[in-house]
Amino acid sequence: MQNIGVGMIGAGFIGPVHVEALKRVGVKIRGILGVDHAESLRAAAALGLPKAYANLEEILADPEVQAVHIATPNRLHFPMAKAALEAGKHVLCEKPLSMTSAESAELVALAKTKPNLAAGVNYNVRYYPLALQAKALRQNGELGEVLHVTGSYVQDWLFYQTDYNWRVLAKEGGELRAVSDIGTHWLDLLHNITGLEVTAVCADLATVWPIRKRPLGEVETYSGKVLTEDQLEPVEISTDDYGAILLRFSNGAKGVLYVSQVTAGRKNCLRFEIAGSKEALAWESEKPNEMWIGHRNEPNQVLLRDPGLVDPSVKPYIAFPGGHNEGFPDTMKQCFRSFYSYIAAGDFTAPATFPTFAEGHREIVLCEAILQSHREQRWIEVA
Ligand code: SOE
């Protein structure tokens, strides 16, 4: 893995998080490309990276770069992922994979023509150890049949009318925002845990701020900066701040997902509760090192993340003993470690050990069904 050279595209909020995780994985980060050369230079200096790229062509022409990470605004994911695959680079793209299912379908098809390239999407939430334990409990039969699934993913960083980020603009982030930005983490996670597909959706979404006050100049995710009125301009918003989605799953189970980016006090809170025919599981991303296990005829349990207490399949994803808590940054490390271990093994016919472009495409198809359901106020079957 140490011989794999990686080029980082994106120097906003999550790009530097990728860099930190990649340093922990042990690949060689060759350099970074920001929104312009000035940002590339600032980011390379701040992150201690050897190269500050001037443009995408330079990073894709670099023979020392075998893989690129794409952590840019969503509208750039498709063209950049396409160019990187065509340049013969492995690609790890931030979610969502693209703006439309036509784009994501094209990327899935292109990736299939590159059999020796890995093409992944950063659905990092899968890699919380106790989320992996929930999957193992389903796979080994301890959970039983999935009866129903409920949950939410709620934040408050877009709570105020003056909270702004490129994600709120349909032309930058896509027509669906809260659901696409964070709801798809929950949908991908529950697919991975339950092994079930969503077959139909019924959605009801809302926009709290149809007019937001945009700073004159860009603001990074989670910046939380408070500006004065003369530094702001009004901008029309059509994307969703929150919404409820009814779900039907491929085994007949039903579910409910609630998504919000305007829930005061919930900073980055993904929750699920899965009712199985033998037991129930509940987990929350703001307390990721414990999972509630519910029983009908015996005391309920709280499992603490501990390599000695989880299924053997989960142990490789735990790097610290019980009580030495692991969290969000560790999920990035584990996702990227899976991605680069797969590449280093060199058997591209083996089943992927990371979220693939095909799974990223599934989320885009789901988002389009959710948006259509909301607009037509009816159930929509998922293609
Ligand atoms: C903002 O909602 C955000 O940074 C998402 O874009 C990420 O995918 C999520 O992990 C945290 O919140």
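Counting starts at 1 for both ligands and their atoms, in listed order.
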Between Ile14 and ligand 1, find which residue part has any heavy-atom pair under 4.0 Å and reply side chain, backbone, both or neither.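 Answer for Ile14: neither.
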- Within reach of ligand 1, part of Asn268 (heavy-atom separation under 4.0 Å):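 Looking at Asn268 and ligand 1, just side chain atoms fall under 4.0 Å.
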Could you report the tightest heavy-atom contact between Asn192 and Lys135, atom names first, then the distance?
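Scanning both residues, the minimum pair turns out to be OD1-NZ, 3.2 Å.
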message = Taking transitive links into account, so neighbours of neighbours count too, which hydrophobic residues share a cluster with Met99 at under 4.5 Å side-chain distance?
response =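 When side chains under 4.5 Å apart are linked, Met99 ends up in no cluster with other residues.
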Atoms of ligand 1 close to [X] [distance to a heavy atom under 4.0 angstrom, numbered from 1]:
X: Gln261; value: 2 (O)
X: Phe328; value: 10 (O)
X: Ile182; value: 2 (O)
X: Trp157; value: 1 (C), 2 (O)
X: Phe13; value: 4 (O)

task: Could you tell me whether the side chain of Leu196 reaches within less than 4.5 Å of the side chain of Val146, counting heavy atoms only?
output: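 Val146 reaches Leu196 side chain to side chain.
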| query | Does Glu94 reach ligand 1, in the sense of a heavy atom lying below 4.0 Å from it? | reply |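 Not so, Glu94 does not reach ligand 1.
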Within the structure, is a non-hydrogen atom of Tyr153 found at a distance of less than 4.0 Å from ligand 1?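 The answer is yes, since Tyr153 has a heavy atom less than 4.0 Å from ligand 1.
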ask   = Cation-pi between Arg266 and Trp157: NZ/CZ under 6.0 Å from ring centre and within 45° of the ring axis?
value =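 No cation-pi geometry.
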| Just one of Arg30, Lys51, Lys28 clears the salt bridge (Lys or Arg N to Asp or Glu O under 4.0 Å) bar with Asp62, so which one? |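 Only one of Arg30, Lys51, Lys28 forms a salt bridge (Lys or Arg N to Asp or Glu O under 4.0 Å) with Asp62, namely Lys51.
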field: Leu247 side, atom CG; Thr199 side, atom OG1 - distance, nearest 0.5 Å
entry: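 These two atoms lie 9.0 Å from each other.
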Partners of Asp240 by side chain to side chain donor-acceptor pair (under 3.5 Å), sequence neighbours excluded?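 Asp240 satisfies side chain to side chain donor-acceptor pair (under 3.5 Å) with no other residue.
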Are any of the N/O atoms in Lys95 less than 3.5 Å from those in ligand 1?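 For ligand 1, there is an N or O atom that lies under 3.5 Å from one belonging to Lys95.
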